[in-house]
Each structure stands twice: as structure tokens, then as C-alpha cells.
Amino acid sequence: MATTNATAPKGATKKQSAGFTGIKSGLSVIIACGIIAVCIYLFGFGHMSNFKGAENASAAFSFLADGEYEPNGLVGTVYKGGFVVPIIWTLCLTVVALAIERFFAIRNAYGRTSLTKFVTEIKAALAANDLVKAQQLCDKQRGSVANVVSSTLKKYKEMEENTQLTKEQKIIAIQKELEEATALEMPMMQENLPIIGTIVTLGTLTGLFGTVLGMIKSFSAMASGDGGADSSALSTGISEALVNTASGIATGALAVIAYNYYTNKIDRLTFSLDEVGFTIVETFSATH
């Protein structure tokens with residue numbers, strides 16, 4: 001009965017959820033995460049202390065003389081992964097930032113107390129035909145579900161006082177109000193989830209791209225020289241390939257977990273809206 005249409009119907013009155021409703025500009029989050037990722041990559045992982053024989057070098061950071069030093073640990077090896085590393089980190093940080101943002105936004109959409117308890121109490125109030133108590137429960141709960149139920153209850157009362165429409169027309173009006181109210185709340189809950197869903201694939205593909213670049217360097221090192229490979233260039237290529245592979249897989253896995261988790265939370269919320277909406281319509285149909 002509830003709809004997930006992101007486009008609100010014309011003529012509907014927009015309802016605002018109290019509290020945190022999410023970050024509207026996903027692009028700004030990506031840009032901020034990109035700046036942080038590049039700074040960590042250059043000034044953290046690229047510091048001279050992470051490379052052999054570079055402690056007394058004149059350059060402040062190894063990215064000024066990248067090919068001259070070998071890494072002395074995992075941090076330096078990660079830095080050798082190349083320019084793809086901060087790109088993958090940008091995607092990873094974006095997933096983390098948007099996952100945190102969705103946590104607070106969806107928690108606010110659920111309301112102040114347990115959603116299951118709220119639905120149960122609303123159904124009990126409707127069964128007793130106590131619309132005043134049901135409205136009080138909505139005012140106390142807040143959140144997207146309470147907003148939708150409250151709007152539907154107001155239409156319910158309006159239809160009770162209406163003497164011109166038939167019973168079937170009144171039921172249709174209540175159902176329409178439920179759908180319109182839901183259509184206004186759903187975009188807030190789904191905000192930025194498409195970005196996380198895109199990173200599920202993009203993170204893995206970016207890691208694969210870095211892997212291919214690293215393997216190209218490795219094979220180029222094997223082909224150079226008089227029948228022998230340049231060990232330094234060969235190790236650099238392999239390091240770049242493995243670092244990017246690991247980073248890409250980790251980013252994709254994190255994005256999958258976050259996307260599925262919040263999608264499931266939204267599905268539960270939508271199911272609750274359907275359940276309460278069906279109860280409201282059935283109560284009106286049985287008592288009028």
C-alpha cells in the first residue's frame with residue numbers, strides 16, 4: 001500500500017521530519033573524502049621515515065623523489081601502490097562517511113522508541129477506535145513512520161466528518177493520503193544510498209585497474225635488461241598490483257555491507273508503513 005516513489009505527487013503538502021534528515025549533497029562528501037585521502041597518502045604514507053635510506057634526505061616527503069627509495073615496511077609498500085591508492089581510499093572514506101550519515105538519518109526516521117512497539121500500540125489504539133490516543137502516540141514517536149501515520153489519521157478524521165463522499169470514495173482518499181505521505185518521506189531515507197551502491201562496483205573495478213597497472217610495470221621490469229629483471233622495478237610493480245587489489249576488495253566489501261544493511265532497514269520501515277496503513281483502512285471500512 002505504501003509507495004517508494006521518490007517523486008512527490010502534485011498538490012501534496014510537504015511534511016518535515018524533526019531532527020537530522022541527512023546530508024543532501026553527496027558530491028561535497030566525496031570531495032572532502034578525496035582531499036583527506038590525498039593528504040593521508042602524500043603526507044602520511046609518503047613520509048621519508050617510511051623508506052630505507054631516506055631519513056637524511058633533503059626532500060621533506062618521498063613523493064618528491066618517489067623512485068629513489070625502497071619501502072622499509074607495509075606503510076611504504078602501500079605508498080608504492082601509486083596514484084590509484086588515494087582514489088580507492090576516497091571511495092572507502094566516502095562509504096564510511098555516508099554509512100555514518102545514513103545511520104543517524106534512518107534512526108531518526110524510525111522515531112524515538114522501538115518501531116515494532118509503536119506499530120503494535122497504533123494497531124491497538126485503532127482496534128479500540130481511539131484516534132486521539134493514536135495521534136498522541138504519533139506525536140510522541142516522531143520520525144517518518146509517525147509522520148505518515150499522523151497524516152493518514154488526519155485524513156481519517158476528515159473523512160469521518162465528510163457527508164458528501166461515499167464510503168468507497170472515503171477509503172480511496174485515505175489510501176491516497178497514505179501513499180502521498182509515504183512518497184514525501186521515502187526520499188529522505190534513501191538519500192545517498194545510490195552512491196554507496198555505485199561504489200560497490202566502482203571500488204572493485206578501481207582496484208582491478210590498479211592491479212593491471214601494477215602488473216604492466218612488473219612485466220616491463222622483467223623485459224628490461226640483459227635477460228634479467230630489475231628487482232626494484234619488479235617489486236614495485238607487484239606491490240602496486242597487490243595493494244590496489246586488497247584496497248579495492250576491501251572497499252567493495254564495505255560498500256556491500258553498508259548498502260545491504262541500510263536497504264534492509266528501509267524495507268522494514270516500509271513494511272511497517274504498509275502494516276499500519278492497512279490497519280487504518282480496514283478500521284475505517286469496518287466501522288463506517
Side-chain angles (χ1 to χ4, degrees), residues 1-22 24 102 105-191 193-194 262-288:
M1 186 176 299
T3 178
T4 57
N5 183 12
T7 303
K10 292 183 179 180
T13 302
K14 189 171 182 179
K15 305 167 185 64
Q16 297 292 341
S17 297
F20 181 75
T21 58
K24 303 303 179 183
R102 284 294 87 199
I106 294 179
R107 186 179 69 170
N108 180 74
Y110 266 62
R112 292 184 171 182
T113 61
S114 169
L115 185 60
T116 303
K117 179 181 178 182
F118 171 71
V119 172
T120 302
E121 292 177 343
I122 285 290
K123 292 174 69 175
L126 291 173
N129 200 27
D130 190 350
L131 299 184
V132 175
K133 181 179 179 181
Q135 185 61 56
Q136 290 175 347
L137 290 171
C138 292
D139 295 338
K140 180 181 178 181
Q141 177 74 5
R142 298 188 181 181
S144 295
V145 176
N147 287 345
V148 173
V149 175
S150 178
S151 177
T152 309
L153 289 175
K154 290 177 181 178
K155 178 61 68 171
Y156 187 107
K157 294 178 182 179
E158 180 182 332
M159 291 299 101
E160 278 188 323
E161 299 171 357
N162 190 299
T163 59
Q164 298 178 347
L165 299 178
T166 64
K167 179 179 179 179
E168 290 73 17
Q169 290 175 325
K170 292 178 180 180
I171 292 175
I172 292 174
I174 294 173
Q175 291 174 335
K176 183 178 179 181
E177 179 65 24
L178 173 66
E179 294 173 354
E180 291 179 350
T182 304
L184 289 168
E185 294 290 341
M186 288 305 296
M188 181 274 294
M189 291 181 281
Q190 296 174 336
E191 191 84 39
L193 275 183
Y262 290 118
T263 299
N264 180 64
K265 296 280 284 185
I266 293 174
D267 288 342
R268 288 180 55 194
L269 191 147
T270 303
F271 175 77
S272 297
L273 286 174
D274 288 337
E275 185 178 2
V276 175
F278 177 80
T279 302
I280 294 175
V281 173
E282 287 300 307
T283 299
F284 187 91
S285 177
T287 56
H288 294 80

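What's counted below: heavy atoms across the whole structure, side chains too, no hydrogens, waters or symmetry copies.
A donor-acceptor pair is defined here as one N or O able to donate and one able to accept, closer than 3.5 Å; no such pair exists between the side chain of Ser151 and the backbone of Asn147.
Annotation: side chain to side chain contact (heavy atoms under 4.5 Å, CB included) contacts of Thr113 (sequence neighbours excluded): Gln141. In this view, Thr116 satisfies the side chain to side chain donor-acceptor pair (under 3.5 Å) rule with no residue, not counting sequence neighbours. Residues meeting the side chain to side chain contact (heavy atoms under 4.5 Å, CB included) test with Lys117, sequence neighbours left out: Ser114, Glu121. The side chain to side chain donor-acceptor pair (under 3.5 Å) check on Glu160 picks up His288, with sequence neighbours excluded. Under the rule for a side chain to side chain donor-acceptor pair (under 3.5 Å), the partners of Lys123 that lie at least two apart in sequence or sit in another chain are Glu275. By the side chain to side chain contact (heavy atoms under 4.5 Å, CB included) test, Glu158 pairs with Lys155, sequence neighbours left out. Every side chain to side chain contact (heavy atoms under 4.5 Å, CB included) that Arg112 has, sequence neighbours left out, goes to Arg142.
Closest non-hydrogen pair, Leu115 versus Leu269, comes out as CD2-CA, 4.1 Å. Minimum interatomic distance between Leu178 and Gly277 (heavy atoms only, all atoms of both residues): CD2-CA, 3.5 Å.
Taking 4.5 Å as the limit, every side-chain heavy atom of Thr279 sits out of range of all side-chain heavy atoms of Val119. Using a 4.5 Å heavy-atom threshold, the side chains of Ser285 and Lys167 count as touching. Contact annotation: the side chain of Glu180 approaches that of Glu177 to within less than 4.5 Å [non-hydrogen atoms, C-beta and beyond].
For residues 106-132, no pair satisfies ring-ring contact (aromatic ring centres under 6.0 Å, His included), with sequence neighbours left out.
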Determine all donor-acceptor pairs shorter than 3.5 Å in which one atom belongs to a side chain in residues 131-138; sequence neighbours excluded.
unit_1, atom_1, unit_2, atom_2, d
Gln135, NE2, Asp139, OD1, 3.2
Gln135, NE2, Ser150, OG, 2.8

Run the side chain to side chain contact (heavy atoms under 4.5 Å, CB included) check on Leu193 and Ile266 step by step: do they pass? CA-CA 11 Å; Leu193 275 183; Ile266 293 174; 3.4 Å; yes
